[in-house]
Novice: 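Below you'll find the structure I mean.
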Amino acid sequence: MADHSNDGSPGVSPPVYQLPEWETITHPPKPRQSLLGRIFPPRTAEDESLAMSPQASTAADLDHDRAKDTSVPASTLPLHTTTTPDNGPTKPTPLVRLREHLDSALPPHRTYFGRSRRFLFLYILLPLVIFVFVVIPLAVGLGVGLSRRHSAQDQDSLPLPSNNGIFTGELTYYDPALGACGIQSSSSEDVVSVSHIIFDAASQGSDPNANPLCRRTIRVTRDYVEAESGNQSVDVTVVDRCVGCDATDLDLSLAVFTRLASQDSGRVSGSWTWLT
């Protein structure tokens with residue numbers, strides 16, 4: 001049988017295999033960028049020309065891009081061209097305008113304190129912004145919240161009328177006169193001066209005469225062991241503010257004190273509670 005493979009006669013050309021257009025690699029992968037580079041990407045002359053005068057992609061441009069890659073044969077599939085309406089030059093995006101303002105204020109080719117602009121942003125300006133707008137507001141809010149919480153806890157522990165209970169403290173006597181409540185009193189009346197701690201805690205304004213504790217009634221009780229008369233109770237009216245008293249101490253008029261203890265005692269321990 002004769003072999004016609006090398007006789008020079010025209011034969012059938014071998015088939016040519018070509019990649020479809022959707023598998024053709026037209027652009028190489030972009031290198032990874034830093035966080036600052038993603039926020040403010042570097043501009044190129046091509047980006048500026050596209051931003052100021054965009055041109056529609058044509059079939060000739062696509063052929064020119066494919067011709068750059070010599071390792072991949074040109075595709076024989078039909079090309080799909082897209083056209084954009086010519087509405088004149090488009091306005092630059094806000095990101096482009098921000099980049100322009102940033103470059104005009106802080107040129108990227110200059111050094112700042114011997115460091116590059118990237119170092120200035122990442123290690124000086126960014127921590128400063130976080131400190132001013134995040135750390136300081138959190139610290140202020142936390143401090144205000146803790147102070148309010150402590151003040152609320154302190155009021156709950158004070159012997160105020162809202163805390164129904166029996167309190168124990170030191171009983172002393174004084175010579176009443178015109179008190180902080182604006183009431184003129186004498187030693188013969190059943191009056192009392194409460195601690196400045198609870199007086200100020202109950203205050204609702206700058207006028208001490210309008211303090212809610214003024215004219216309220218307290219029942220004072222003590223076991224009068226000196227006279228062997230057992231428990232004695234006296235109802236007194238709040239007329240004054242005692243500066244040297246602790247929260248549970250009471251400063252009584254002499255008439256009240258001598259009904260609970262001898263005058264020579266000077267200071268005794270007793271219990272008391274709010275009535276009204």
Novice: Are T237 and V192 side-chain neighbours, meaning at least one heavy-atom pair lies under 4.5 Å?
Specialist: no

Novice: How far does SG of C242 sit from CG of L250, to the nearest 0.5 angstrom?
Specialist: 9.0 Å

Novice: Are the side chains of T172 and D249 in touch, meaning some heavy atoms are under 4.5 Å apart?
Specialist: no

Novice: What is the minimum heavy-atom distance between L102 and F121, and which atoms define it?
Specialist: CD1-CZ, 3.3 Å

Novice: Is there side-chain contact between P108 and D103, with at least one heavy-atom pair below 4.5 Å?
Specialist: yes

Novice: CG/D240 to CD1/I183 distance, rounded to the nearest 0.5 angstrom?
Specialist: 9.5 Å

Novice: Indicate whether the side chain of D235 and that of T217 have a donor and an acceptor atom separated by less than 3.5 Å.
Specialist: no

Novice: Take F199 and S193, measure what side-chain contact (heavy atoms from CB on, under 4.5 Å) needs, and give me the verdict at the end.
Specialist: CA-CA 9 Å; F199 192 90; S193 176; over 6 Å; no

Novice: What heavy-atom pair brings I198 and W274 nearest, and what distance separates the two atoms?
Specialist: CD1-CZ2, 4.2 Å

Novice: Considering residues, nucleotides and ligands other than R216, do more than 12 of their heavy atoms fall under 6.0 Å from its CZ?
Specialist: yes

Novice: Output the distance between atom CZ (F119) and atom OG1 (T111), rounded to the nearest 0.5 Å.
Specialist: 12.5 Å

Novice: Where is the tightest heavy-atom contact between R222 and A261, given as atom of each residue plus distance?
Specialist: NH1-CB, 3.6 Å

Novice: Applying salt bridge (charged side-chain N to carboxylate O under 4.0 Å, His left out) as the test, list every pair that has at least one member in residues 190-199; sequence neighbours left out.
Specialist: D190-R259

Novice: Which heavy atom of N211 sits nearest to which heavy atom of A202, and what is that distance?
Specialist: OD1-CB, 3.9 Å

Novice: Looking at T248 and T168, would you say the former's side chain and the latter's main chain have a donor-acceptor pair under 3.5 Å?
Specialist: yes

Novice: Would you mind reporting whether L254 and Q263 have side-chain heavy atoms less than 4.5 Å apart?
Specialist: yes

Novice: Could you walk me through whether I218 and V238 pass the side-chain contact (heavy atoms from CB on, under 4.5 Å) check?
Specialist: CA-CA 8 Å; I218 293 176; V238 177; 3.8 Å; yes

Novice: Under a 4.0 Å N-O cut-off, is there an ion pair linking D251 with R267?
Specialist: no

Novice: Decide whether L252 and V191 are clustered together by the hydrophobic rule: side chain heavy atoms of Ile, Leu, Val, Met, Phe, Trp, Tyr closer than 4.5 Å, transitively.
Specialist: no

Novice: Assess the residue pair L126 and I124 against the criterion (side-chain contact (heavy atoms from CB on, under 4.5 Å)); give the C-alpha distance rounded to whole Å, side-chain angles, the decisive distance to 0.1 Å, and a yes or no.
Specialist: CA-CA 6 Å; L126 183 60; I124 298 179; over 6 Å; no

Novice: Under 3.5 Å, is there a donor on one side chain and an acceptor on the other for D175 and S187?
Specialist: yes

Novice: More than 12 non-hydrogen atoms from neighbouring residues, nucleotides or ligands closer than 6.0 Å to OH on Y112, yes or no?
Specialist: yes

Novice: Between N163 and L158, is there a donor-acceptor pair closer than 3.5 Å when you use the side chain of the first and the backbone of the second?
Specialist: yes

Novice: For the backbone of E100 and the side chain of S104, can you confirm whether one donor and one acceptor N or O come within less than 3.5 Å of each other?
Specialist: yes

Novice: Is I166 atom CD1 crowded by more than 12 heavy atoms from other residues, nucleotides or ligands, each under 6.0 Å away?
Specialist: no

Novice: Side chains of F167 and S271, heavy atoms from C-beta outward: is any pair under 4.5 Å?
Specialist: no

Novice: Under the criterion side chain to side chain contact (heavy atoms under 4.5 Å, CB included), which of N231, V268, L260 is the partner of D223?
Specialist: N231

Novice: Step through the shown structure and confirm whether more than 12 heavy atoms of other residues, nucleotides or ligands are within 6.0 Å of CZ on R115.
Specialist: no

Novice: Grab the two heavy atoms, one from P127 and one from L122, that are nearest each other, plus how far apart they are.
Specialist: CD-O, 3.4 Å

Novice: At what distance, to the nearest 0.5 angstrom, does CZ of F133 lie from CG of L138?
Specialist: 13.5 Å

Novice: Could you go through the side-chain contact (heavy atoms from CB on, under 4.5 Å) check for V256 and V236 one step at a time?
Specialist: CA-CA 8 Å; V256 176; V236 294; 3.7 Å; yes

Novice: Search all heavy atoms of S253 against all heavy atoms of P176 and return the closest pair with its distance.
Specialist: CB-CG, 4.0 Å

Novice: Are V239 and V234 connected in a single hydrophobic cluster, I mean Ile/Leu/Val/Met/Phe/Trp/Tyr linked by side-chain heavy atoms less than 4.5 Å apart?
Specialist: no

Novice: Looking only at atom types and distance, does a side-chain atom of R117 sit under 3.5 Å from a main-chain N or O of L106, one as donor and one as acceptor?
Specialist: yes

